[in-house]
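Report on the following structure.
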Amino acid sequence: MTVPPTTAPTTAQIREKYLSFFESKGHLRLPSHSLIAPDPTTLFTVAGMQPFKPQFMGAAAKFPGYGDNPRVTTAQKCLRVGDIENVGRTLRHCSLLEMLGNFSFGDYFKREALTWAWEFLTSPEWMGLDASKLYATIYENDEEAFGIWTQEIGLPEDHLLRFGADENFWPADAPAKGPNGPCGPCSEIFYDRGPAYGDDTWAEYADTRESARFLEIWNNVFPQFERQEPQADGTPTLVELPAKNIDTGMGLERVATVVQDVFDFYSNDVFAPIIARIVELSGKPYLGPESISHRVVAEHVRSVSMTLADGVSLSNTGRGYVIRKILRRASRHAYLLGLREPVLHTLVPLVVASMGGAYPELVSEEARVTAAIRAEEERFLKTLEGGIQRLQVAIAKLGRLYDRQNSSDGVTYTIRDEHRKYHDWVYTKFGREIYSKADIMNPDGMMTIGRASFPAHIAQITDFQPTDLILSGEEAFTLYDTYGFPVDLTKEIAEEYGVTVDEAGYAESLEKAQATARAGSKYGKSELFGAQDTVGDLSATAFVGYDHLEAEGLVLALMTSEGRVDALEAGTAGTVVLTQTPFYAEGGGEVGDTGRLEWTGEDGLAGAGVVRDTRKTPGGVFLHEVEVQAGTLTPDITVRGVVDGARQATERHHTATHLLHAALRAVLGDGVRQAGSLVAPDRLRFDFAHGAALSTAELAEVERLVSRWISADFAVQWQEMPIAQAKAAGATALFGEKYGETVRVVSVEGSVTLGGHTVSSKELCGGAHVTRTGEIGAFVLLSDENVAAGVRRIEALAGEAATAWLRERLNSDARLAASLNTSLEGLEVRVAQLQAQLKAAEKETVQVRRQLTEAQMSGGNGGGAAPLRELGGFRVAALKLTGIAGNELRGAADKLLDTSGADLVVIASDAGLVIKATKEAVARGAHAGQLVGKLAAAAGGKGGGRPDMAQAGIQNPDAALEALDTAF
RNA sequence: GGGGGCUUAGCUCAGCGGGAGAGCAUCCGCUUUGCAAGCGGAGGGUCUGGGGUUCGAAUCCCCAAGCCUCCA
């Protein structure tokens with residue numbers, strides 16, 4: 001591992017130089033967007049240009065809070081998990097990378113982009129790279145770029161290569177394959193790291209396109225075309241855009257490698273200290289194949305820390321699950337390095353030290369990030385432990401319990417210590433209990449227990465060849481799927497025992513499981529996506545529902561699952577798009593409005609329909625799911641929308657949600673972070689990041705705080721303002737939510753105090769709210785539960801829903817109290833008393849039954865002296881008891897068997913029948929189970945059991961005993 | 001959103017249609033100069049909750065809850 005020379009600029013310095021260089025060229029410096037993607041096309045932010053998609057699509061280059069400028073520059077953190085398996089295996093794959101970018105929105109074009117890139121790389125004031133080591137590629141027919149490179153910059157022609165649309169176009173192969181939309185050629189800049197990294201030449205690169213020596217450091221993309229539908233013969237249609245853009249990306253890790261002149265990404269100033277620490281912790285040098293694990297741990301700790309700092313929490317679904325998988329991969333590799341205790345979290349400070357300057361959220365979230373990683377590590381180590389146990393049992397089942405050793409006495413097999421605890425289990429299972437005492441197995445068929453040797457039937461065990469031992473793919477998959485045990489660890493451990501894993505079988509099982517998962521996931525979404533396609537051309541719907549619950553609008557479009565339609569007849573259902581609507585569309589956790597539509601049709605007839613749900617497309621087109629009940633709905637007619645009264649209940653729950661959020665933060669601390677919410681007419685649900693269950697006292701305090709707020713009857717106000725202004729005013733924004741330039745801020749004007757703290761609520765929110773907190777009415781917390789690691793869910797009710805729930809609860813409690821002849825206050829004591837009484841009574845019953853049994857057996861009933869009869873070659877004692885069942889009946893049978901000297905005892909009672917036989921009788925062919933069947937049949941019952949013990953439920957004990965005469 | 005697994009004594013778990021068990025821990029007794037320990041014994045259970053099948057359910061089926069885990 002090479003270490004960067006101390007004189008070389010650090011990664012942080014390179015980042016800063018890049019940004020200030022482009023500032024000096026008139027660019028606006030913007031902070032990195034969160035790793036949570038700005039649009040729903042990806043889970044995470046994957047490219048420097050992604051936050052600027054709207055600008056590339058023609059939106060104004062306005063950046064509220066920072067300024068307006070058609071030139072911007074950023075260092076964007078990106079997370080790419082598509083080829084996560086390669087991270088660590090190579091020296092340059094990273095899941096987290098930083099893209100240094102400069103962007104032009106219809107402003108400068110190729111000339112400036114390329115000449116500035118050149119200046120930044122070669123000027124001694126900036127990167128100061130040797131110009132003779134720089135190379136470039138261009139799109140095959142991009143003569144404009146060719147001219148700039150060769151004539152204006154002076155790059156020798158033999159430092160240039162031309163590639164087709166697969167290499168030098170963005171998106172790749174767009175002309176032939178699409179998608180439609182903005183696209184263009186690109187020009188990549190390479191650096192020749194010298195012969196130390198390979199003896200290939202630039203000319204050869206045209207063929208190989210793979211080089212450790214020529215490292216791509218910068219991609220300049222020129223989105224100058226709009227691709228349209230190709231012609232009938234397939235000829236691509238590329239139309240020049242009126243406003244041409246520039247989108248460039250320079251990988252910080254790549255350029256740092258070059259500038260610091262280190263061997264690989266992992267030797268730069270960010271990773272080197274982490275790798276060094278891993279070496280220190282594990283005692284394993286950063287060398288050879290094992291170094292994969294060092295790299296995986298270092299890289300993944302960095303990307304997981306960054307993502308957690310952006311507010312993602314580890315979970316079982318979506319983003320949180322992806323991060324968790326990455327963290328577990330790191331944990332697994334730490335395990336492979338021999339680390340058995342949680343250590344990844346101790347590396348977080350190193351990440352913060354090198355990255356925290358550029359990403360302050362790392363610093364402010366360090367404690368939370370560290371705690372989350374630690375908790376997950378601990379959980380995973382537990383999972384591994386359980387998996388190893390299960391795997392060892394599986395290996396033991398194959399017969400691999402022993403270490404093979406060559407000694408002067410020949411080959412011996414010694415039971416592995418870790419297998420001792422499974423040994424009994426395995427051989428009990430196999431019916432070979434005697435083996436549980438074996439210390440040594442010899443190949444000659446003898447086994448040793450202490451100093452004694454015994455013959456053992458273990459030829460099939462000692463003769464195993466390693467190749468005979470295959471762990472089924474199914475078992476390996478179960479280990480992974482059900483117990484979370486990674487298959488590569490399975491392979492590694494199995495190998496120690498000379499056992500191989502059936503990988504084909506594993507792959508088959510995996511595929512089968514994935515197929516069921518896919519089939520199982522509903523395609524309910526496709527309805528909306530389908531609609532999105534068909535409404536792409538419609539303009540956004542005007543929403544007036546904050547102020548009006550009734551409004552008129554023009555029908556713009558009608559759709560069914562078939563696509564656009566011209567009419568919706570009475571009795572049919574479909575999606576309706578209006579120019580203006582009072583219906584709130586599902587969003588921000590609040591459910592869509594319901595209600596009705598009314599109109600007078602072209603035919604002059606009145607019509608009406610029911611709005612079942614309202615949703616909207618990302619483009620802001622509202623989709624009303626409507627069932628037409630009368631008349632016909634056609635485009636261009638005016639309809640009146642009337643929102644259901646349920647909206648008021650929804651509004652109460654929504655405002656209550658805000659108060660709940662603020663109250664939780666007040667009571668539990670600012671660590672509380674909203675992780676999702678549902679606002680419906682009948683309830684509210686609020687998920688938030690918090691480590692532990694709420695105590696009863698905390699729940700009561702949260703509830704009290706919200707109630708106090710409600711009774712203060714403060715005004716709820718909302719206003720639109722630029723996002724920067726909203727944030728400056730301290731409004732709570734959600735991680736992962738996308739906000740436009742102007743946002744709606746909902747605030748409760750007025751605050752309440754709790755424990756000396758003043759608490760108020762101000763949130764970015766597009767939802768519908770009551771106008772005064774007093775309208776919320778009652779508020780009650782129903783439950784606090786765990787939904788994912790570190791995420792709690794609270795359910796609560798407001799308004800009538802709350803009072804109705806409380807009334808119902810009180811009524812049922814009152815009924816309960818009345819049935820126990822006590823008051824609500826006395827209920828707890830009463831139930832405790834009853835439980836104690838019940839327990840005492842049960843004990844007493846057992847006692848009494850035992851006494852009753854004994855009395856009957858020794859009493860005048862002839863019981864104690866039950867005569868022995870000879871039946872079917874067995875001495876049989878039969879006895880009738882009354883009022884005895886279950887345990888006592890069996891106890892009586894035992895006693896009778898002991899005292900009477902019988903081979904078989906039969907005890908009949910009014911509720912049951914028990915037959916027991918001695919071992920010796922069973923050996924001679926007695927079968928209690930079969931006998932009990934015959935007797936029960938005669939006594940109007942059924943039963944069964946084992947040869948030595950059987951039971952039946954019967955109605956007539958006398959009949960059962962009589963049947964004994966003929967049963968043999 | 002869809003799979004799989006687990007839930008039994010204070011703890012770790014076995015049992016998987018016919019008497020609720022083991023080890024550790026607890027308590028008592030014995031042994032020991034004392035400690036560590038050993039020996040013997042005892043107490044401790046709504047077998048997660050609810051419904052069903054069965055003569056009989058910890059055990060089989062269905063529903064629910066909590067935890068673990070994989071996939072989309």
Side-chain angles (χ1 to χ4, degrees), chain A residues 43 314-319 321-322 324-325 328 376 378-387 389-390 393 420-422 424-426 428-429 436 474-487 506 509-526 693 783-789 792-793 831 834-836 838-839 842-843 846 885-895 897 907-917 927-929 932-957 960:
Chain A
L43 277 182
L314 299 164
S315 83
N316 287 336
T317 51
R319 261 179 221 112
Y321 181 58
V322 174
R324 186 157 163 255
K325 262 165 68 169
R328 290 197 160 204
E376 180 63 22
E378 281 167 358
R379 228 180 340 253
F380 185 59
L381 284 169
K382 259 191 154 172
T383 298
L384 286 187
E385 215 174 282
Q389 288 195 9
R390 202 187 150 88
V393 168
R420 288 214 166 263
K421 55 193 284 205
Y422 309 111
D424 287 357
W425 185 85
V426 170
T428 304
K429 209 75 185 166
S436 64
E474 211 175 318
E475 175 63 30
F477 182 70
T478 303
L479 270 164
Y480 175 61
D481 185 50
T482 302
Y483 301 97
F485 196 73
V487 70
Y506 175 84
S509 298
L510 176 65
E511 206 157 305
K512 216 187 292 171
Q514 284 177 336
T516 27
R518 250 180 248 120
S521 72
K522 286 179 185 161
Y523 56 94
K525 279 181 181 172
S526 66
S783 62
D784 158 56
E785 60 183 357
N786 181 276
V787 284
R792 310 287 315 172
R793 168 171 294 173
V831 169
L834 285 172
Q835 279 177 323
L838 182 63
K839 205 163 182 177
E842 274 171 354
K843 279 200 166 170
V846 168
N887 271 345
E888 284 67 38
L889 213 50
R890 283 190 298 266
D894 277 338
K895 191 160 187 190
L897 200 62
I907 297 193
S909 122
D910 32 358
L913 177 69
V914 170
I915 299 180
K916 295 202 72 149
H927 198 294
V932 88
K934 290 179 196 169
L935 300 194
K942 275 192 204 172
R946 306 180 305 234
D948 65 316
M949 205 289 285
Q951 289 174 282
I954 57 169
Q955 278 155 13
N956 186 346

So which heavy atom on [X] is nearest to which on [Y], and how close?
X: Ala960(A); Y: Leu935(A); result: O-CD2, 3.6 Å
X: Lys916(A); Y: Asp894(A); result: NZ-OD1, 2.9 Å
X: Pro947(A); Y: His927(A); result: CG-NE2, 3.6 Å
X: Pro486(A); Y: Phe380(A); result: CG-CZ, 4.1 Å
X: Phe477(A); Y: Ala513(A); result: CZ-CB, 3.5 Å
X: Ala893(A); Y: Val914(A); result: CB-CG1, 3.9 Å

Scan [X] against the nucleic acid and name what it touches under 4.0 Å (heavy atoms): base, sugar-phosphate only, or nothing.
X: Ala950(A); answer: nothing
X: Gly941(A); answer: nothing
X: Gly484(A); answer: sugar-phosphate
X: Gly912(A); answer: nothing

If I pick the [atom1] atom on [M] and the same atom on [N], what distance separates them, to the nearest angstrom?
N: G34(B); M: G45(B); atom1: P; value: 35 Å
N: C39(B); M: C67(B); atom1: C1'; value: 40 Å
N: G18(B); M: G10(B); atom1: C1'; value: 30 Å
N: G56(B); M: U48(B); atom1: C1'; value: 23 Å
N: C28(B); M: G43(B); atom1: C1'; value: 10 Å
N: G21(B); M: A65(B); atom1: C1'; value: 27 Å
N: G44(B); M: A22(B); atom1: P; value: 14 Å
N: A25(B); M: C11(B); atom1: C1'; value: 7 Å

Using whole Å, what does the distance between atom [atom2] of nucleotide [N] and atom [atom1] of [X] come to?
X: Lys942(A); N: U53(B); atom1: NZ; atom2: C1'; value: 11 Å
X: Ile954(A); N: G18(B); atom1: CD1; atom2: P; value: 21 Å
X: Met949(A); N: C55(B); atom1: CE; atom2: P; value: 17 Å
X: Leu381(A); N: U69(B); atom1: CG; atom2: P; value: 12 Å
X: Gln951(A); N: G19(B); atom1: CD; atom2: C1'; value: 8 Å
X: Glu385(A); N: C68(B); atom1: CD; atom2: C1'; value: 14 Å
X: Leu889(A); N: G19(B); atom1: CG; atom2: P; value: 12 Å
X: Leu314(A); N: C68(B); atom1: CG; atom2: C1'; value: 15 Å

Closest-nucleotide 5' rank along RNA chain B - winner of Asp894(A) and Ala513(A): Asp894(A)

Using a 3.5 Å limit on both pairing distances, list the dot-bracket string of RNA chain B from the 5' end; Watson-Crick and G-U wobble pairs count, crossing pairs take [ ], interstrand pairs take |. ((((((((.[[[[.)..(..]]]].(((((.......))))).....[[[[[..)....]]]]]))))))).

Name the closest nucleotide to the Arg379(A) side chain, picking from U69(B), C55(B), G19(B). U69(B)

With respect to the side chain of Arg324(A), which nucleotide from G19(B), A72(B), U69(B) is positioned closest? U69(B)

So, Arg324(A) side chain and Leu314(A) main chain: donor-acceptor pair closer than 3.5 Å or not?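 It does not hold such a pair.
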
Do NZ/NE/NH1/NH2 and the carboxylate oxygens of Glu376(A) and Arg379(A) come within less than 4.0 Å?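 Looking at Glu376(A) and Arg379(A), the cut-off is met.
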
Tell me, do Glu378(A) and Lys382(A) make a side-chain contact under 4.5 Å, heavy atoms counted? no

Is any side-chain heavy atom of Thr478(A) less than 4.5 Å from a side-chain heavy atom of Tyr483(A)? yes

Considering just the side-chain nitrogens and oxygens of Arg946(A), establish if one lies under 4.0 Å of OP1 or OP2 belonging to G17(B).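 It does not, given that no N or O in the side chain of Arg946(A) lies less than 4.0 Å from OP1 or OP2 of G17(B).
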
Tell me whether the OP1 or OP2 atom of C70(B) has a side-chain N or O from Gln514(A) closer than 4.0 Å.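 Result: no.
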
Please enumerate all protein N or O atoms sitting under 3.5 Å from an N or O of nucleotides 4-7 of chain B, with distances to 0.1 Å.
unit_1, atom_1, unit_2, atom_2, d
G4(B), O2', Thr482(A), OG1, 2.7
G4(B), N2, Thr482(A), O, 2.9
G5(B), O2', Tyr483(A), OH, 3.2

N/O donor-acceptor pair, side chain Lys512(A) with base G3(B), under 3.5 angstrom: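 Flag unset: no donor-acceptor pair detected.
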
With rounding to the nearest 0.5 angstrom, report the CZ to CG distance, Arg328(A) to Leu384(A).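 Taking CZ in Arg328(A) and CG in Leu384(A), the distance rounds to 8.0 Å.
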
